[in-house]
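None of these values were measured; they are calculated from a predicted model. Quick note on labels: first sequence line is chain A, next is B, and so on, each numbered from 1.
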2 protein chains.
Amino acid sequence: MDASQAKQPSLSEPRTQSQDSRDEILKAAMGLFANRGFHETSMSEVAREARVSKALIFWHFKTKEELFVAVLNRLLEPYFIDFAEEAAMDERAQIEKLVESYLSFVRDNASSVRFFLAQMLHDQRLSEGLNDQVLKLYSGYRAMLVELIARAQQKGICTRRPAPESAAAFLLSALNGLLIEYLFMGANSVDPEGAVAMVGEWLFGGSPAAPPSENGGTPAA
Amino acid sequence: MDASQAKQPSLSEPRTQSQDSRDEILKAAMGLFANRGFHETSMSEVAREARVSKALIFWHFKTKEELFVAVLNRLLEPYFIDFAEEAAMDERAQIEKLVESYLSFVRDNASSVRFFLAQMLHDQRLSEGLNDQVLKLYSGYRAMLVELIARAQQKGICTRRPAPESAAAFLLSALNGLLIEYLFMGANSVDPEGAVAMVGEWLFGGSPAAPPSENGGTPAA
DNA sequence: GTTGCCATTGACCGAAAGGTTAGCCGAATT
DNA sequence: AATTCGGCTAACCTTTCGGTCAATGGCAAC
């Protein structure tokens, strides 16, 4: 009944018939909602797509909205970025890896990222839970960045003076900007490697080349 | 009839009764579409809001879609950033001014920016024209940035090595990131001055503080 | 076998959607 | 005075919407 608490068949539960149809419905609704939106998707369509009677949907989910948030939650499940915080790497490499993760994540989940973004922009009421969860993800990511940058600054690896919080915020903004650019312009316009390099160069000195300070800096004048 | 070609009363045209009602309808539709979206706004609502019969709307606009694109175009009209390219300023100041313009533009037009973004993300078909126009604006802005950065690099003011195009692209991404951060977190989380400072420091040396490179361009050491 | 519950359905409902139609009104043209 | 025509409306039409309900098949417990 409770949408936010979809029971997962933890251990060899016999997986009732009902769960099957529920899944079928969720799957169908997911597809339809994701690329047509909430208001443009009718329950009859969902029913047809799931090869189930419309009444059954209302047996599983009290209202259309309830179905929708169930779909949101299910879509959100795989949403986390695994920060393989390999201790072997220095802070710079870790930060670059983090940036890379973000970008490849966006690339891999482009369509649902797009959907979520549109949904959050459009219908704040319907997607409160979504908002919260995305925010949580987001601030987790930000926290990691802040800490990494702080460590880098302490170690003296990092040339940038601003507070780690500010640097992280700006960096995140840049990433989000790349995200929307990607959503609108497609893959060809955004190259992750370039972005990573740019970030590296920004936070630390010139990327593969000379150290940041006095002489090394500017090659071609 | 043609929505993209709304006749403006260029010179003291007597402003017929019909134009008045058309305007009233557009105004009402603008408000409703903007903060409820296309599919969640009904023609009856528009009619009520404009204090006009529903049939009249269909007399002015063949379909709901036509009304919508007319609204889009009208909303888009005031959309341009005036780049007061004051020759007196050096490139750094100009760039910073450009960044500032962008941010204050977003701040001033937050709600319709949000609407446009949601619309473009959600319903690409309905907003093709919108897409084009925004893209035009966008690439104009980018071009200005590219040129300014190029000039700054030639003059040696600018420490950054990457191609002006890359730098501008990254900078624009950062701005877009700030935009979406602003849309989601509200005004308190984004401070334009900080962003401008960060940009300045990124492209040129540390702004009021220690310069990273030699000694040339940057003032206070 | 019957009872009772779970899962499922087709038929149905009122409301509201986008859109149409026939006709009214008032001012200009003849 | 009669005609025309742009602006406008009430009433209507069709379709589809989210949602309900009475009824049913299957299946485990008794």
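Remark: P of C:dG10 and CZ of A:Arg48 are 14 Å apart, rounded to the nearest angstrom. Rounded to whole Å, the distance from CZ on A:Phe38 to P on D:dC17 is 13 Å. Atom CG of B:Leu126 and atom P of C:dG18 are 13 Å apart (whole Å). The distance between atom NZ of B:Lys62 and atom P of C:dT20, rounded to the nearest whole Å, is 11 Å. Regarding A:Glu45, its CD atom lies at a distance of 17 Å from the P atom of D:dT15, rounded to whole Å. B:His39 places its NE2 atom 13 Å from the P atom of D:dG18, with the value rounded to the nearest Å. For the pair A:Glu65 CD and D:dG19 C1', the computed distance is 13 Å after rounding to whole Å. Across the protein-nucleic acid pair, A:Glu40 atom CD and D:dG18 atom P stand 11 Å apart, rounded to whole Å.
Of the side-chain N and O atoms in A:Ser21, one or more sit less than 4.0 angstrom from OP1 or OP2 of C:dT8. The side chain of A:Ser42 contributes no N or O atom lying less than 4.0 Å from OP1 or OP2 of D:dT16.
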Could you write out each protein N or O paired with an N or O of nucleotides 9-12 of chain D at a distance under 3.5 Å?
unit_1: D:dT9; atom_1: OP2; unit_2: B:Ser53; atom_2: N; d: 3.1
unit_1: D:dT9; atom_1: OP2; unit_2: B:Ser53; atom_2: OG; d: 3.2

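Going from atom CD of B:Glu147 over to atom CZ of B:Arg142 covers 15.0 Å, rounded to the nearest 0.5 Å.
Other residues, nucleotides and ligands contribute only 12 or fewer heavy atoms inside 6.0 Å of the NZ atom of B:Lys27.
Contact between A:Arg36 and B:His122 at its shortest, heavy atoms only, is O-CE1, 3.5 Å.
Checked by atom type, the side-chain pair B:Tyr138/B:Gln133 shows no donor-acceptor distance below 3.5 Å. Remark: the A:Tyr182 side chain and the A:Asn188 side chain contain no N/O donor-acceptor pair separated by less than 3.5 Å.
No donor-acceptor distance shorter than 3.5 angstrom exists from the side chain of A:Lys54 to the backbone of A:Glu45, with no hydrogens or angles considered.
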